[in-house]
Amino acid sequence: MALTRRSYWALAVGSLIFRLILICFSDDLNLGSRPEVATPVTSLRRLAEGYWLKNSSMSPYSGSMYHGSPLLLPVLGPLTIKRVEGLPSHLFCSSIFIIIDFITAMLIRATGQKLMSTNHQSLQRLNLSCVQETTGCTNVGDLASLIFLWNPFTLITCVGSSTSPIDNLMVVLAIYGACSGLPSLAAFGWVVATHLSLYPAILVIPVILLLGYGPDVPPSKLFLLGKSDESGSDYPSDKTSSKQRSKDGSPIYLFSWRPALCFILWSLIWSSYIFFLSFISLKEFGGLSEMMKKTHGFILNVEDLSPNIGVFWYFFAEVFEFFRSFFLIVFHINILFMLVPLVIRLRHRPCFLAFVYIAIMSMLKSYPSVGDSALYLGLLGLFANELAEMRFSFFLLCGYFGISLLSPVMHNLWIWRGTGNANFYFATGIAYASLQTVLIVESVSTILKHDRMLRNKLTA
Amino acid sequence: MPAEEDQTKQPRPRPRLIVLIASYLVSHSSIFSVVCCIAGLIAILLLPVLAKNTYISENALMPGSANPVFSGQDVSEAIRLVKDITEMRKMGKTTGIEIQRLIVQRMADVGGEAYYHKFQSQSNQFHPLRFFSCDSNLVLTKSGSNTSYGLNTVGIIHAPHGDGKEAIVLVTPYNGENVELNDALSLGLGFSIFSHLSHVSWLAKDIVWLAADARYGEYSSVSAWLKDYHNPVFFSSENVDANMQNTNMLNGRNADVFKRAGTMAAALVFKITEKMERDSRDSLNIYAEASNGQMPNLDLINVVHYLAVHRQGFRVTIGKIVYLVNSAWLNLVGQILEWSNKLAKSLNPKWNFGILSADYVEGVATLASSMYYQALGVPTGSHGAFRDYQVDAITFTFSPRFYLNNENVQSSFLLRGGRLIEGTIRSVNNLLEKFHQSFFLYMMTAPNKFVSVGVYMIGFALLALPLPVVAAALFLNQKATGTAGIQEAKIAFQSWKWLHAARVVLMIHLWALIASLMPYFISQISNLTATESMLLWVVGSISILLVLYMTLGSPYSRSGDVEWQTLKAVMIASVTIGLGLMSIINFATAQIGALLIVPLCLLVRPLKRHMQGALSLRVLSLVCNPILVVIGFPPAALVLVKGFSEGFGGVSIGTVWEVAEFLWAWNSATYLYVFLVHLPCWVLCIQILFHP
């Protein structure tokens, strides 16, 4: 599993070149119109429309076309209208997305290196470095960034002209900033990600935990166990190993308030800044309230019921109007319900908690796309050492392959051939959601099993 | 592992029933797969017995409830047009646009809107990236030097009771360059119906009559017209031919302007052909298969069949494979079925399925033809163009029992044909919605018998069911044996060990993708015969495979990494996904493909490893594997099928290339299946066979 430095860079650059090749065929592939790739919130076509509306001094949100942030318009808008003869449209935007993907991969790599060093330290402190030797240690940063770069989902999101690479970058930026103890960076990533797609707001919990406790370590009980072991109390332990144990058993599991407060402060600053900028750009078109209604309100109200790979559209196309608000609350609260139990169980591994949150988010989003899956599948690689014992890995891979091939076919059967119906397509959506559920459940239980294994090693 | 030991020490909770059943199936996977495969084969052979009689599902159709009023007067119109055309032919004026002008003039005379539709003959070009994308974003190729134009003539009658939002399309293809008598008769029939419908009062949907100029093939002319009908093309002045411009004025209106009626409810393509062998009754041949195994709604076929048989006294036939009717083993199966039916009947008189050997053989031959044309994925006529726009359409050809140049025969024949079409139009005219009541997924076993999706799925499902079970069994066995022997240090990533096998499978699939795109590049090289192209293709594919082996590593170089059981498990999983996908895209292909590939997948094992078990089993495995490998190789299977049906004389290497070219030119998904599912699986099977 070990990768030399050279082969890593070769693979990384190879993925970028592969993207460039794909972009040359992007007009033929026509991925931008696929419901799996571009959602109403992230579609670049809609962004171009919004830019055009704004340029002709209308509100970019008029006509329910554009639902993204007003700040993306001046950044990406000019690039959408720039054309080169003989080359595909959106060439410039796509090249921007390539760069963004690369930055994201590098941030994931840096996060992975941080995680690895912390893991190494804490295992040494527990005197369990034998675990690392026996299980073998993968360079998780390299692995995760390569998984992210070569994931077909990332590739088609990058080529398929949707703005989700930017969302992903911001989420990864928040996690990276929190991992390396930079409250300002973490706050920036979190605020912008929330501004762009609302759901990353729940990442505030893992980010604060990361800033407060530092990156993932084994549960705090183990350190206490290790200490009490060392003092030679009631635990019958191996004498030889206890002698080797280092004296570095200081209580590391203390919440440091300073970076957390810094983070909150910085978030306030950044969000007021973002609001200010949005206000300026939307001064004549209804201001901030219009923006909130058309971006976050659009996400929460599920106004667009065009089919996508999620589970919302089918249900809200059927539901009676007077139950609608009730079920909206029920559907959205699903995400919030899971936050607290997970944070209690996984508070010692905030990075993994962030991964679980992102996976849940992309499953229960109102407008999910494969770009969201690309993010959490990339992050999954960060925990390769802990997840080495994961069950159903083969089944999951086959499932992801099968569903991602089946979903366009079912869509074709329904929309173009007319021999299928909405149920066919929704069935793949359900299957996709259950696949993600299996992934989340298995990964969480594997992590818990890993912790239990460490505990057994310690007490044995 | 201590954690695992802890778990085993605890009293195990009773596993759930589904887990019990699954583990039972996995542990008895070999017996299970044998039973399933045999059951699947039997289910497929029994399909003609399980076929149901067709029935008209949509009540609004009401076929035959009104008396046809198509009369001798209309027939005389038709005869008049036929005479005009034949005279024109005698004078040698048929090469230009005289016929088109005549038709347009007649259409305008009876009060229809008429116009010319000029189209470019587009040879089907293989474009690898446009396999499934819709046609709407196709850019018209810039007219080169050798483009040739055809000229369709189209007439529209606006319904007196309609709102102009729906239309029924009639199509009569004819060869514009050389009009034979049967072409003239089809045109006459089409025109007489058109003129008849122009003065009926019951019409609620517009009628569009397309006299398709089939000099470049029926399909291309119809599809060109349909494309223009659905995608407005804005003609610039250079597109309109200068010498045509001044001639196409008709009654003071420009006859070059493309006119439209409403959305199409249904389309009927009909033509008259002269049959070689004489029959006791006039016959009507129905073709329904559109691209990629799509079928029109069964109700449309039912209406035509009902009216033809019960009102007009035609003999309705659909295609069948004659080779099978005479085959001895099929007759034997039929006799066995008939005999077992008799036996069952003697045991209990209620068990009467009414199977006759002859019926069964006939049913199998028809079903095989239906399946073959669906699996080919190439439309059997110009009705296929309509299906691309979700319009239900069928082609039917009339063949009279006597020679066509007899005038009495002509008029009585035209009268009945016209009444049939009138009745069908009346039925479709009654429709309130699109066709949706009856089946879209079916196969025909006789003109009035069909097998619906719920029945024919059983055979395929039984064939495909062993695949996941065997994959799971291999995977679990491999894991169990793997963990036992190796020391603890290697246990980590045990659950990810299949990744090595997955890499090999992925590499082969990558190769298959490249190999499937290669014809595109080969076809760019001009002046190559089919044999040369084929050889180039084979050499290219093999060299790319070798290059991939060198760069990404051969599967045998680190044989310790890739156990053949894991490789087989991953291969079977990929085949399962592929077959499942194909069964949705084009069921018939998946069915035939499963028959070829499933036994190979299940039986394959390394030749060098000795199998435990009885001698007979070992011999069976030794004999079966090579045979299956030969049959499973797509070109070999193709050559065998061609050879048996047409004789081995005409078969050469070039045949494979021609068939591949034919498939990709028609955007058949079968091509994709063969190259992205079947071929990689075959290559992997070869790898497993020669696994050290």
Side-chain angles (χ1 to χ4, degrees), chain A residues 1 25-31 33-34 130-138 384-385 387-395 397-413 415-421 424 428 442 446 449-460, chain B residues 1-7 127-130 132-134 136-137 139 290 292 294-295 297 387-392 434-436 439-441 453 468 471-472 475 479 487-499 501-502 506 566 569-570 573-574 576-578 580-582 584-585 669:
Chain A
M1 285 261 177
F25 296 107
S26 65
D27 274 359
D28 286 332
L29 291 169
N30 202 13
L31 286 170
S33 61
R34 302 287 329 165
C130 55
V131 175
Q132 262 185 333
E133 279 156 24
T134 52
T135 57
C137 182
T138 316
N385 286 327
L387 296 181
E389 298 290 327
M390 193 161 136
R391 293 186 302 161
F392 300 132
S393 49
F394 182 54
F395 168 76
L397 184 91
C398 286
Y400 269 96
F401 263 108
I403 294 291
S404 50
L405 292 172
L406 198 60
S407 168
V409 169
M410 289 295 194
H411 192 261
N412 180 278
L413 215 61
I415 301 290
W416 292 109
R417 285 198 186 181
T419 45
N421 56 37
F424 286 46
T428 61
E442 275 308 311
T446 314
K449 226 183 259 170
H450 180 78
D451 283 346
R452 207 175 302 142
M453 189 268 288
L454 285 184
R455 189 195 159 90
N456 282 329
K457 280 244 152 105
L458 210 60
T459 52
Chain B
M1 300 287 300
E4 281 175 6
E5 280 165 21
D6 272 9
Q7 277 174 356
H127 198 291
L129 287 173
R130 293 215 177 104
F132 281 111
S133 62
C134 47
S136 58
N137 50 4
V139 190
N292 283 329
Q294 300 180 79
M295 298 290 279
N297 198 295
R387 190 62 232 174
D388 296 342
Y389 298 90
Q390 294 194 25
V391 180
D392 295 293
K434 274 181 62 150
F435 276 106
H436 68 279
F439 295 90
F440 282 104
L441 305 169
V453 57
F475 196 71
K479 243 172 134 180
Q487 73 254 33
E488 203 185 328
K490 277 197 177 171
I491 281 176
F493 296 105
Q494 194 63 55
S495 70
W496 294 94
K497 228 184 149 224
W498 52 269
L499 275 176
L506 204 67
T566 328
V570 178
S574 77
T576 316
I577 294 174
L581 272 180
M582 202 57 210
I584 294 163
I585 298 171

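So you know, we letter chains A, B, ... as the sequences are listed, proteins then strands, and number each from 1.
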Kindly say whether A/Trp416 contributes a backbone atom to a donor-acceptor pair with the side chain of B/Gln390 at under 3.5 angstrom?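 Flag set: sc B/Gln390 to bb A/Trp416 pair under 3.5 Å.
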
Could you tell me whether a side-chain N or O of B/Arg387 sits under 3.5 Å from a main-chain N or O of A/Arg417, the two making a donor and an acceptor? yes

Counting only non-hydrogen atoms closer than 4.5 Å, does A/Leu405 touch chain B with its backbone (N, CA, C, O), its side chain (CB onward), both, or neither? both

By a 4.5 Å heavy-atom criterion (distance strictly below it), what part of A/Ile403 contacts chain B: side chain, backbone, both, or neither?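 A/Ile403 has no heavy atom closer than 4.5 Å to chain B.
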
Residue pair B/Ser574 / A/Phe401, side-chain heavy-atom distance below 4.5 Å: no

Among residues two or more places apart or on two chains, list those pairs meeting side chain to side chain donor-acceptor pair (under 3.5 Å) that have a residue in residues 397-408 of chain A.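 Matches after skipping sequence neighbours: A/Glu36-A/Ser407, A/Tyr376-A/Tyr400.
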
Between B/Ala569 and A/Phe394, which heavy-atom pair has the shortest distance, and what is it?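 Where B/Ala569 meets A/Phe394 most closely, the heavy atoms are O-CZ, 4.2 Å.
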
Who are the ring-ring contact (aromatic ring centres under 6.0 Å, His included) partners of A/Phe395, not counting sequence neighbours? none

Side chain to side chain contact (heavy atoms under 4.5 Å, CB included) between A/Leu397 and B/Trp498, intermediate numbers included: CA-CA 11 Å; A/Leu397 184 91; B/Trp498 52 269; 3.6 Å; yes

Any chance you could measure A/Leu413, atom CG, to B/Phe440, atom CZ, to the nearest 0.5 Å? 11.0 Å

Pairwise distance CG(A/Asn412) to CD1(B/Ile584) - rounded to 0.5 angstrom: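 One finds 11.0 Å between CG of A/Asn412 and CD1 of B/Ile584.
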
